Number of protein chains: 2
Amino acid sequence: MQDQDSYLAGYNPSKYPSLAVTVDVVALTIRDAKLCVLLVERGAQPFAGQRALPGGFVKEETLDDAAKRELAEETGVKPGHGDLERVHLEQLKTYGNPDRDPRMRIVSVAYLAFAPSLPDPTAGSDAALAYWVPVDEAKDLAFDHDDVLADGLERARAKLEYTPLATAFVNEEFTIGELRQVYASVWGEDLHAGNFHRKVLSVPGFVESTGTTTSRGGERGGPKAKLYRAGDAKLLHPALLRPTREDRVR
Amino acid sequence: MQDQDSYLAGYNPSKYPSLAVTVDVVALTIRDAKLCVLLVERGAQPFAGQRALPGGFVKEETLDDAAKRELAEETGVKPGHGDLERVHLEQLKTYGNPDRDPRMRIVSVAYLAFAPSLPDPTAGSDAALAYWVPVDEAKDLAFDHDDVLADGLERARAKLEYTPLATAFVNEEFTIGELRQVYASVWGEDLHAGNFHRKVLSVPGFVESTGTTTSRGGERGGPKAKLYRAGDAKLLHPALLRPTREDRVR
DNA sequence: CTTAGTTCGTCTCAAGTTGAGTAGTACTCG
DNA sequence: CGAGTACTACTCAACTTGAGACGAACTAAG
């Protein structure tokens, strides 16, 4: 093959359709014990009126910065604001099928964001119509965003197993019970409270005690719970594995 | 860098589209029990004479197809040939820093390929200078390809743990010992033969027996080994974890 | 042919991890 | 106050892991 330079020297832009690069963000949070994704309502064609993942064109910036910018714009939270600092953002996958956008070829770099409960985006946002939607109600999205969302959810579920990412969904100080609720919401199944407790405390660097407790018990009763903050581990050893599901294996 | 500077001085970005999309491929194989990556020698500026990952511009095709095409071109193996059918190819990550290519903005979608031992690419290849290099000798690559390779290696090491991907590195029929050698080469450490044997056979769907054995014992002695082929599992349950390394955790 | 050295496949055992259950206690709500 | 709930700590049996040992099958060298 020709290498990039010889290829570029003979490259004639008119021979190829123009091409654009965008970022799309799968932003996840937990509201009312349900895993929710940030969606925007499309005002223009194509897919007018349908919901889509927030996203936009990449400017003179890194891809990571573009994703951060889009997220800040859509949620209406200013960069530098404390809430956004705690958001975990990572690249998910790139989608570039020639026909994924009917107008022109668009290569979209999808990002995955994990956030603690954020304010409703409509207040003060650039985007008039952005809101959090429970993931099981997020269907029939524009473009190939159903696929993007599915990939994002699978990534999120897998990452809870072997990284301390669940701590990105809760406040700076949290109880083991709140952390367990994150796992239950993302995985969609309840966990054995006692075993979860034992496991979390036994993984080095996952959580560290603050020495304090909640000021009152749970809403429906129960004692005050000890408070923890995220530890310094980047990987969980041993991992917290999802309950085994044979059908996931093949 | 004199050459690169003068090259850049005569380069007029306005003649070209403001942004291009390429695919780069981290193709891995095992030769002589060493993990090797496919590299090409660059003939032109920038980075002339340096080694780089094979790659090229995306045409009117999916990103996956572009990666397949590049790999076939660089290895000189025709698509449809049996060898290439067995190659596992997956998207790795996208690199799009504005300054990663000095000529213009290039967004590169990196792919990761796992192949059984392939012929030397020089025979019959389009690329005059492509060859397999042991990964620990693959340094000082062009562009940001050192980072891309490092990301690819980490992904490969992690994927061996929880997917049956190691079977993509061996022939259609293989022995447990050959499979163990794959793990040892990729992870860079020896594994306990007995425990590995037990583990592989205990994971449902990882390997299935062919009922046959090798026609002779190992080169340095030992009995004939039973032959297996890849099973139908897509995930390994339970996983084959790397020997724990505390320093990987934080 | 004999011997040394290698590998395959199997087994054993102690240590650790898991899932499921139990229980005491401290809370909230009505 | 009583009922219900949640936090935390436990127990126990089943399973998984890592390390070592072993016999048999084989190759290569003497």
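Letters A, B, ... are given to chains in the order of the sequence lines, protein chains preceding strands, and every chain is numbered from 1. Since the model is a prediction, treat every value here as computed from it, not as a measurement.
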Inset, instruction - I would like to know whether Glu154(A) and Arg242(A) meet salt bridge (charged side-chain N to carboxylate O under 4.0 Å, His left out); could you show each step before the answer? - result: CA-CA 12 Å; Glu154(A) 180 46 36; Arg242(A) 281 177 271 189; 3.5 Å; yes
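Here the shortest heavy-atom pairing between Leu28(A) and Phe169(A) reads O-CE2, 3.5 Å. Contact record, Ala166(A) with Leu160(A): N-CD2, 3.6 Å, taken as the closest heavy-atom pair.
Where Gly218(A) and Gly218(B) each meet DNA chain D at their nearest nucleotide, the meeting point lying more 5' is that of Gly218(A). With DNA chain D read from its 5' end, the first of the two nearest nucleotides for Ala239(B) and Ser215(B) is the one closest to Ala239(B). Map Lys199(A) and His192(A) each onto its nearest nucleotide of DNA chain C; the residue landing nearer the 5' end is Lys199(A).
Remark: P of dC7(D) and CD of Glu219(A) are 12 Å apart, rounded to the nearest angstrom. In this structure, CG of Leu191(B) is placed 13 Å from C1' of dT17(D), rounded to the nearest angstrom. Atom P of nucleotide dC8(C) and atom CG of Asn195(B) are separated by 15 Å, given to the nearest angstrom. To the nearest angstrom, P of dA6(D) lies 11 Å from CG of Asp190(A). In this structure, His237(A) atom NE2 and dT18(C) atom P are separated by 13 Å, rounded to whole Å. Taking atom CG of Leu241(A) as the reference point, atom P of dT18(C) lies 8 Å away to the nearest angstrom. If you take CZ of Phe174(B) and P of dC8(C), they are 14 Å apart, rounded to a whole angstrom. What separates CG of Leu201(A) from P of dC10(D) is a distance of 12 Å, to the nearest Å.
Side-chain atoms of Thr175(B) and Leu227(B), non-hydrogen and from C-beta on, do get closer than 4.5 Å to each other. You'll find the side chain of Val182(B) stays beyond 4.5 Å of the side chain of Phe174(B), heavy atoms only. For the pair Thr167(A) and Tyr228(A), the minimum side-chain heavy-atom distance is 4.5 Å or more. Within the 4.5 Å cutoff, the side chain of Glu90(A) has heavy atoms near those of the Lys159(A) side chain.
Relative orientation of the His88(B) and Phe114(B) rings is tilted, given thresholds of 30° and 60° on the angle between their planes.
Phosphate contact (OP1/OP2 of dC29(C), side-chain N/O of Arg216(A), threshold under 4.0 Å): present.
Shown for residues 175-184 of chain B: no residue has heavy atoms falling under 4.0 angstrom of DNA chain D. Against DNA chain C, the stretch residues 220-231 of chain A makes heavy-atom approaches under 4.0 Å through Gly221(A), Gly222(A), Pro223(A), Lys224(A).
Residues satisfying the salt bridge (Lys or Arg N to Asp or Glu O under 4.0 Å) criterion with Glu172(B), sequence neighbours excluded, are absent altogether.
Counting only heavy atoms from C-beta on, Arg198(A) has its side chain closest to dG19(C) among dC29(C), dG19(C), dT27(D).
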